[in-house]
Amino acid sequence: MNGQRHATMVAAATLALTLTPLLGVFEGLGWTFPVLLTITMIAVTGALVRAAGRGQGLQTLAMAAALMVVLTAGFGGGTGFLFIIPMPGTFEHWAQLAGSGVADIVVNAPPVAPEGGILFLTVVGVGIVAILHDMFVVGLRTPALAGLTLLTMYLVPVSVAPEATAWFWFILPAVAYLWILADDNLRRVSAFGHRFTGAGQLVGQGFPSPMARTARWSAVAFIAATLTILTVVPVNTSGLVDRVSGGFGGDGEAYGLGDVNPWAQLSGSLNRPEAVDVLRVTTTDPNPRYLRMHVLDELNNDGFVPNDYDGEAEFDQFARPGIQQEYTAEIENLNSRAPVVPVYGTPTGLDIDGDWLIDADTGVIVGDTMADVGSYTQTYIDPAPDTAELARAPGMDPGDSRWEANTEHPDVPELTEIVQDTTRGASTVHEKVLAVLDHLSVANGFRYSLETSEADSGEAVLDFLTNKSGFCQQYAATMAWMLREADVPARVVIGMSQGRRDGESWILTSHDYHAWVEVYYEGPGWVTYDPTPSGGVPGSVSFPWAAEPADTADDPTAAPDATADPTADPSAGDPSAGDPSEFPNGEAPDGSTGSAADGGSGAGSRFNPAWLALLLVLAVPFVPALWRGGIRRSRLDPQRLSAQSAWSEAADLATDYGVSLSDSLTPRQAGGVLAQAAPGAREAATALGSAMAQHRYAPREAPTAGLADAVTDLRSELDRLAQRRQRLRARFWPASLAAKLAARRSEGDAAMSRRSAQAAEKVRAVVRRRGRSNSRKGGSVTGRP
Amino acid sequence: MTFESSPVQQPQAPAPLSPQEFKATAEAILTNVEWVIEGKSHTIKLALSVMLAEGHLLLEDVPGVGKTQLAKALARSVDCSVRRIQFTPDLLPSDVTGVSIFDPEKRDFVFKPGAIFGNLILGDEINRASPKTQSALLECMEERQVTVDGNTYKLRSPFMVIATQNPVEMEGTYPLPEAQRDRFTARLAIGYPDLKAELELLDRREEYNPLDALRPVADGEMIVRMIAAARAVHLAPELKRYVVDLVTATRTNAQVRLGASPRATLQLLRCTQVLAAMDGRDFALPDDVQQLAVPVLAHRLIPTTETTMGGGDTKAIVSDILRHVPVVSHPGRF
């Protein structure tokens with residue numbers, strides 16, 4: 001018992017050690033209390049039930065119950081009976097928590113605040129792992145399997161926060177695993193009373209073995225070797241981020257801004273199944289355009305990467321409102337943790353908490369985190385250059401200090417060719433912009449899709465131009481790049497689209513993250529264009545100056561007033577409801593594209609993983625019953641039924657229902673014992689015994705007719721006569737299954753001891769040989785025998 | 001080792017018996033004997049199985065429980081020659097085997113067969129004879145032939161010795177050495193009849209001795225055929241393994257100084273075959289083995305002094321072994 005208590009403690013402690021990588025995922029240490037409490041509760045419950053001499057099944061059940069209690073108390077939201085017993089309402093509450101937790105995981109980049117759904121999911125996960133871990137280490141004493149649970153625990157933070165793969169996070173879990181193995185072995189060896197040492201002495205219990213030092217050094221060497229491999233072999237830590245940003249965005253490096261790659265956050269948000277509300281905006285602007293967040297104005301071989309925002313200006317250096325209309329927006333932060341402040345148009349004033357600065361080049365407001373901002377107020381003007389003005393405006397002077405940074409681009413000859421074709425005949429900046437927009441239009445075969453496929457050109461931008469399928473990230477980056485090819489300064493902006501109308505205000509969700517382009521005109525300055533087909537973007541806004549002047553009359557979207565109505569109230573949550581009238585030729589994007597679009601919440605994606613987890617937890621108690629049933633079915637399968645299989649089943653039934661059948665009983669005698677235990681199934685039991693006797697000892701095969709029925713009869717009779725407890729036990733934790741596991745285990749032990757005996761014999765043989773040669777050598781050197 | 005290939009003389013090839021015929025005949029003999037010995041059907045069955053396994057039987061019990069009656073009844077039920085030898089201290093080996101006597105007319109020695117030349121030999125109170133005479137009998141039992149003055153005479157077939165021994169009245173006796181008991185296939189005790197059987201016994205013997213009214217139900221030839229039929233009973237490898245496991249257990253048992261011999265293994269299997277055939281089966285079961293283990297094995301074991309002093313007896317040891325040896329060994333396990 002004492003050994004078991006010790007093992008329980010080791011199991012809990014090792015699990016806690018393995019949690020250390022979570023330090024990189026959560027902000028602060030607030031998460032440690034509920035997680036450690038859960039582990040402790042489960043360990044204590046397991047130990048108590050064990051101390052009461054109950055079997056593994058009950059232990060697992062009790063530990064699951066303990067987890068439920070912790071969850072109800074901590075996350076029940078007061079719905080539980082007496083706050084600790086889960087009620088139906090509690091489960092609903094949990095489902096909501098789990099849903100928001102999943103959403104948080106997708107939207108937020110680590111470190112995240114340890115609260116709400118994420119913490120709930122963490123505690124559930126840790127709880128389940130703790131139960132399994134306790135079962136492996138203490139109950140079933142298969143410490144090797146505990147490596148799996150530790151690995152699960154380690155993988156979670158590592159996959160969420162790639163930086164957690166830093167080598168030092170590996171040490172504690174590895175130490176934990178070795179601890180478990182060493183402890184179990186020590187327990188096993190100590191069971192013999194004395195431990196053997198390399199020098200052939202015996203060491204009493206409680207004394208350190210001289211071999212322990214060697215073992216410790218081996219462990220250190222093992223961990224060191226593993227870490228060396230980890231650091232030498234290049235590991236792709238970017239994972240998900242790299243896959244979705246597909247070469248247009250960065251390569252998953254950290255940007256020094258809360259470690260967020262805007263491209264990754266953009267595609268991650270758009271790809272997540274359910275939207276999370278991010279901002280609520282109340283503005284005097286009847287048709288607000290896009291909220292700017294990041295500006296990506298550096299184009300290198302990795303694509304567009306964010307400006308490093310080092311040309312900081314004072315916080316109050318806003319543009320002064322001129323003759324243009326000034327709007328005021330009150331923005332409530334629902335879920336943003338961005339390192340930049342989302343702002344509309346050209347800000348003229350900003351009332352916000354925190355230590356913020358404006359980047360002079362890009363107008364991005366940086367310096368703090370939105371996580372601490374509850375709401376803020378912004379005044380802004382909405383620069384709306386008219387088409388004629390743009391048509392006249394010259395481009396940036398190549399001598400401008402900003403020219404270099406805003407036109408540089410990698411050399412891709414094929415792209416240069418395409419751009420030359422596209423902009424042939426365009427002389428002004430505006431004409432070039434319109435030509436590029438035209439090239440990327442739906443009319444030219446481009447369509448919206450979150451699924452980006454690669455062609456074989458090797459350049460992501462060329463792949464996109466070939467496949468003509470992508471989402472805002474591709475459209476914005478390609479347009480900006482093409483313009484740079486045409487010597488027009490252009491940059492990518494990431495922010496949020498208009499969102500949906502909610503009464504007086506606008507709700508911007510994680511599906512409203514968007515990317516677009518700004519082009520520089522001498523005079524009007526940076527002018528916004530959105531090349532993405534509007535059908536794919538729920539809150540997309542049209543920019544009247546993007547239309548060709550000649551088309552203005554025909555295009556209903558050309559007039560700002562006309563635009564306001566269809567886009568001001570796109571039906572909530574229905575991404576395919578983008579107004580088809582926005583397509584100049586009336587062609588709507590194909591349906592599948594629309595529904596898989598930025599909305600992304602197709603009907604099939606309403607699946608909530610929390611339910612699956614809950615289902616798995618609930619299914620755990622039924623696993624032995626299902627397993628036993630499977631064994632029974634396969635034995636009584638008419639195709640494979642034999643006297644032997646029927647008899648095996650009868651014998652296992654006897655074990656399940658506590659009827660003891662000694663090895664020294666003949667099949668007939670055993671049948672007799674069964675008949676006594678189940679008088680109602682006397683004939684069945686006798687028939688089974690006789691059939692088995694004949695099967696084993698007669699020169700011909702025993703007939704199998706009626707054996708399956710006999711087993712069924714026997715089972716129902718045993719079940720009928722059994723005590724309630726016995727019956728439940730036979731169904732949910734059948735003793736025959738436990739016996740099988742024990743037998744397998746003892747076979748494994750026997751094999752292991754056989755192997756170790758062989759190994760020891762080999763070592764001894766080597767030692768003997770060496771001993772002989774040494775003595776010969778010694779004799780010759782010293783001259784003594 | 002294969003048991004079938006052991007060098008045992010084959011009887012003349014008789015027509016094979018079906019299991020049903022075997023069973024019927026055996027039951028007829030049993031019913032006949034039970035008419036004389038009431039309430040001891042199991043003992044009688046074992047005795048008959050020893051006969052059909054070509055073995056010899058040692059009946060060891062207190063006086064007056066029917067040892068001689070059983071032997072006589074068994075002999076009378078089978079129509080064959082029955083000879084009875086009353087062992088006394090002055091009995092000479094030649095009384096058993098026979099002797100060559102000078103015939104003055106032929107002017108030559110003529111062999112005069114002893115009591116051993118019969119089908120069924122009843123050796124009463126074998127422990128009263130001198131060891132010399134005892135060993136003469138035991139030699140005949142094993143060899144199934146007698147050699148006198150350089151001439152070898154074959155004994156009859158079927159040939160069975162039923163010896164009785166009184167374990168209580170030991171004064172002036174020469175108890176069979178344990179090693180010699182190995183020659184007997186089985187040792188049976190009859191025991192006192194229960195109340196019902198004893199009352200019935202009184203009723204039945206009011207007017208006449210039922211032994212006198214006994215009529216044979218089988219002849220010697222039939223017995224030979226039954227012996228042959230029993231040898232054809234199938235012995236599954238698992239069963240052979242079980243028997244060997246049992247015998248091995250007697251050799252490794254801590255309470256036993258000398259375990260059972262391979263001859264014991266052989267004879268146990270043969271009796272097992274007979275018992276199976278008497279049940280109408282053509283295959284033997286471990287249940288048959290378990291019925292026979294105590295009678296066939298117990299008298300061959302020599303317990304350690306500690307066991308004897310502690311009041312243990314070999315029957316209990318064999319019963320204990322039966323309780324502990326698994327019927328199916330698990331070859332893959334260790």
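We name chains A, B, ... by the order of the sequence lines, and we start the count at 1 in each one. FYI, side chains are in, hydrogens and waters are out, and symmetry mates aren't considered; it's all heavy atoms of this structure.
- Contacts between B:Ala276 and chain A at a heavy-atom distance below 4.5 Å are absent for every atom of the residue.
- Counted by atom type alone, B:Arg323 and A:Ser662 present zero donor-acceptor pairs between their side chains at under 3.5 Å.
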*Should B:Lys315 and B:Asp313 be marked as a salt bridge (Lys or Arg N to Asp or Glu O under 4.0 Å) after you check the CA-CA gap, both sets of side-chain angles, and the distance that decides it?*
CA-CA 6 Å; B:Lys315 288 183 200 167; B:Asp313 88 2; 5.3 Å; no

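- With B:Val289 as the fixed residue, the side-chain contact (heavy atoms from CB on, under 4.5 Å) test singles out one of B:Leu275, B:Leu268, B:Val327: B:Leu268.
- Within a 6.0 Å sphere centred on NZ of A:Lys740, other residues, nucleotides and ligands contribute more than 12 heavy atoms.
- Across every non-hydrogen atom of A:Val137 and A:Ala146, the tightest pair is CG2-CB, 3.5 Å.
- Using a 4.0 Å cut-off between a side-chain N of Lys or Arg and a carboxylate O of Asp or Glu, A:Arg764 and A:Glu761 qualify as a salt bridge.
- Among the residues in residues 681-696 of chain A, those with a non-hydrogen atom closer than 4.5 angstrom to a non-hydrogen atom of chain B are A:Ala693, A:Gln694, A:Arg696.
- Ion pairing between a basic and an acidic side chain is recognised when a charged N comes within 4.0 Å of a carboxylate O; B:Lys45 and B:Asp279 show no such pairing.
- Under a 4.0 Å N-O distance rule, the pair B:Asp245/B:Arg241 qualifies as a salt bridge.
- The interface of residues 664-674 of chain A with chain B, defined by heavy-atom distances below 4.5 Å, comprises A:Ser664, A:Leu665, A:Thr666, A:Pro667, A:Arg668, A:Gln669.
- Formation of a donor-acceptor pair under 3.5 Å by the B:Thr250 side chain with backbone atoms of B:Ala260 is found in this model.
- Around the CZ atom of A:Arg725, the shell of radius 6.0 Å holds no more than 12 heavy atoms that belong to other residues, nucleotides or ligands.
- The stretch residues 641-652 of chain A places none of its residues near chain B, where near means some heavy atom under 4.5 Å from a heavy atom of that chain.
- For the side chain to side chain donor-acceptor pair (under 3.5 Å) condition, the pairs that include at least one residue of residues 709-718 of chain A, sequence neighbours left out, are A:Glu717-A:Arg720.
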